[in-house]
Number of protein chains: 2
Amino acid sequence: MALSDLERDFVMHFGEMGSRWGIARTVGQIYAVLFLSERPLCADALVQALGVSRSNVSMGLKELESWNLVRRKHVAGDRREYFETPEDIWQIVRTLIAERKKREIDPTLSTLRELELRTPAEGDAHAHARIAALREHIEGMMRFYEELDRLETKSLVRLMKMGRSISHLATAPGRILPLRNKGA
Amino acid sequence: MALSDLERDFVMHFGEMGSRWGIARTVGQIYAVLFLSERPLCADALVQALGVSRSNVSMGLKELESWNLVRRKHVAGDRREYFETPEDIWQIVRTLIAERKKREIDPTLSTLRELELRTPAEGDAHAHARIAALREHIEGMMRFYEELDRLETKSLVRLMKMGRSISHLATAPGRILPLRNKGA
DNA sequence: ATGTCTTTTCAGAAATTTCTGAAACTCATG
DNA sequence: CATGAGTTTCAGAAATTTCTGAAAAGACAT
């Protein structure tokens with residue numbers, strides 16, 4: 001399982017970007033190889049393709065499974081386990097966003113709620129208000145996200161394709177949504 | 001500059017979460033202190049509040065400035081520099097998203113474009129197609145994001161408050177956007 | 001049960017990131 | 001132009017994260 005030039009460059013890029021995300025380099029690379037592969041791959045193929053240890057691949061796959069980004073697939077007449085990414089890129093993006101929300105937003109939201117419930121001490125009025133504002137704000141965005149997430153993929157595609165029409169709400173005759181100025 | 005219990009817990013939480021994001025713990029903490037503070041703070045106040053080295057604060061502030069999340073503010077009759085976060089949480093969120101896009105999405109997009117321009121070698125047809133699909137996909141989402149980003153804050157707020165009305169597009173009589181099934 | 005093939009776990013090695021203290025720099029003021 | 005309060009830089013120390021090799025655990029056929 002040697003990678004072509006194209007594959008190698010793609011995989012290396014995902015390795016680098018991995019660090020900017022918060023996933024280990026190899027985890028990004030494993031994902032990238034699976035993403036490009038036409039068929040499911042077994043762990044050894046990944047070891048060969050990436051030149052990392054078998055155990056590292058095992059742990060990476062485990063992490064990717066915990067993100068629901070990789071599935072196990074059994075191949076008839078082969079004892080080894082095979083792995084694949086979902087075909088549908090929309091599905092991948094949905095999963096990614098859902099998982100990031102779960103890991104990055106939800107814990108913060110519950111901390112904020114907890115802090116907000118406390119009776120603020122003497123000088124805490126401002127901090128307390130600021131925390132409440134932040135919490136409300138995040139909740140609002142999450143409601144919006146959940147609305148979008150309810151839409152079928154086809155609808156989402158259409159919504160994004162429409163593009164302009166969101167701001168048509170702003171520019172059309174009976175507009176409700178003013179645009180903002182260019183700056184910043 | 002000692003922190004109250006409320007402040008301390010908030011700040012600590014942001015420190016922890018910082019790691020899940022890709023910003024150093026102290027950077028998250030510095031930001032959190034400034035976010036809660038009613039008035040701009042000088043670097044030494046942060047040193048005291050957090051118990052970290054002066055140089056660490058200096059570097060953290062520099063990083064936060066590079067993210068446009070913190071501004072310098074001069075206080076009359078004081079030689080020290082003061083720092084503050086924008087008051088408006090919407091502004092903060094916009095900045096955060098814009099910066100994350102710049103750091104996490106844009107470089108990937110340009111790599112993908114570059115890879116796509118290459119003439120695919122022998123066995124690369126599938127990988128090439130997959131890369132193209134990913135690129136298109138990301139571009140679509142970015143166009144959508146840019147549309148939303150054009151809206152004035154007030155409009156965004158309204159859009160998010162409306163909540164349901166996005167899916168009204170789906171459920172209303174002349175609906176265009178079907179909802180998807182509960183699963184996943 | 002036993003042997004073979006495969007995957008997982010885990011302690012510590014290696015690599016990377018974060019943080020510190022000391023030195024260098026900046027700049028308004030005497 | 002020397003002083004000193006304040007800030008930044010940077011080399012290396014400390015902490016954290018990632019990766020490896022060896023050993024344990026599973027799974028399946030015989």
Side-chain angles (χ1 to χ4, degrees), chain A residues 1 11-12 14-34 40-67 69-84 103-104, chain B residues 1 11-12 14-34 40-67 69-84 103-104:
Chain A
M1 253 299 298
V11 166
M12 290 308 138
F14 266 69
E16 300 311 317
M17 290 314 279
S19 343
R20 296 208 195 177
W21 278 59
I23 65 170
R25 186 212 308 265
T26 348
V27 177
Q29 292 178 341
I30 292 172
Y31 185 76
V33 172
L34 290 174
L41 297 177
C42 66
D44 271 316
L46 292 164
V47 168
Q48 288 208 286
L50 299 173
V52 297
S53 74
R54 184 52 236 275
S55 52
N56 199 357
V57 167
S58 174
M59 286 170 125
L61 286 168
K62 196 173 133 194
E63 173 154 8
L64 288 168
E65 278 183 288
S66 86
W67 280 77
L69 284 171
V70 154
R71 285 194 296 256
R72 266 155 219 267
K73 178 142 199 178
H74 289 281
V75 167
D78 193 328
R79 247 162 93 179
R80 291 170 297 181
E81 305 223 55
Y82 283 75
F83 298 86
E84 66 179 1
R103 287 153 207 252
E104 300 183 353
Chain B
M1 252 298 298
V11 166
M12 290 309 139
F14 266 69
E16 299 311 317
M17 289 314 278
S19 340
R20 296 208 194 177
W21 278 59
I23 66 171
R25 186 211 309 268
T26 345
V27 177
Q29 292 178 342
I30 292 171
Y31 184 77
V33 172
L34 291 174
L41 298 176
C42 66
D44 271 317
L46 292 164
V47 168
Q48 288 207 286
L50 299 173
V52 297
S53 74
R54 184 55 236 274
S55 51
N56 198 357
V57 168
S58 173
M59 286 170 126
L61 286 168
K62 198 173 132 195
E63 172 154 8
L64 287 167
E65 277 182 290
S66 85
W67 280 76
L69 285 171
V70 153
R71 284 193 296 255
R72 264 154 222 270
K73 177 142 202 180
H74 289 280
V75 167
D78 193 329
R79 245 163 93 181
R80 290 171 298 180
E81 307 224 55
Y82 283 75
F83 298 85
E84 66 179 2
R103 286 154 207 251
E104 300 182 352

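Numbers restart at 1 for each chain; the letters A, B, ... are given by sequence-line order, proteins then strands. Nothing here was measured: the structure is a model prediction, and the numbers come from that model. The basis for the numbers below is simple: all heavy atoms, side chains too, and nothing from hydrogens, waters or symmetry mates.
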Would A/Arg103 and A/Trp67 count as a cation-pi pair here, with the cationic atom under 6.0 angstrom from the ring centre and within 45° of the axis?
yes
Output the rounded distance in Å from CD (A/Glu63) to C1' (C/dT8).
15 Å
Establish whether the base of D/dG21 is bridged to the side chain of A/Ser55 by a donor-acceptor pair shorter than 3.5 Å.
yes
5'-most contact on DNA chain C (nearest-nucleotide basis), B/Val52 vs A/Tyr82, goes to A/Tyr82
Kindly say if B/Arg54 contacts the phosphate of D/dT7, meaning a side-chain N or O under 4.0 Å from OP1 or OP2.
yes
State whether A/Arg72 and A/Glu81 are salt-bridged, where the test is any N-O pair (Lys NZ or Arg NE/NH1/NH2 against Asp/Glu carboxylate O) under 4.0 Å.
yes
Rounded distance in Å - CD (B/Gln29) to C1' (C/dC19):
12 Å
Can you measure B/Asp78 atom CG to C/dC27 atom P for me and round it to whole angstrom units?
17 Å
Residue of the set A/Val57, A/Leu61, A/Ile30 for which side chain to side chain contact (heavy atoms under 4.5 Å, CB included) holds with A/Phe83:
A/Leu61
I want to verify a distance call: between D/dT20, C/dC19, C/dT16, whose nearest atom is closest to the B/Thr26 side chain?
C/dC19
Tell me which nucleotide among D/dT8, C/dT18, D/dT18 gets nearest to the side chain of A/Ala24.
D/dT18
Does a side-chain N or O from B/Lys62 land closer than 4.0 Å to OP1 or OP2 of D/dT7, or not?
no
So, under a plain 3.5 Å distance rule, would you say the side chain of B/Arg79 forms a donor-acceptor pair with the base of C/dA28?
no
Grab the CZ-P distance between A/Arg25 and C/dA14 for me, whole Å please.
17 Å
Please report, rounded to the nearest Å, how far the P atom of C/dA14 is from the CE atom of A/Met59.
17 Å
Of the candidates D/dT20, C/dT16, C/dT7, the side chain of A/Asn56 sits closest to D/dT20
Spacing of A/Glu16 atom CD and A/Arg25 atom CZ [to the nearest 0.5 Å]:
5.5 Å
Nearest-angstrom distance from the residue atom CZ of A/Arg20 to P of C/dT17:
11 Å
Nearest listed nucleotide, side chain of B/Glu81, among C/dT20, D/dT8, D/dT18:
D/dT8
Any A/Ser53 side-chain N or O less than 4.0 Å from OP1/OP2 of D/dC19
no
Given atom CZ of B/Arg80 and atom C1' of C/dA28, what is their separation to the nearest angstrom?
16 Å
Atom CG of B/Leu50 to atom P of C/dT18: distance rounded to whole Å?
16 Å
Using a strict threshold of under 4.0 Å (side-chain N to carboxylate O), is an ion pair present between A/Glu84 and A/Arg71?
yes
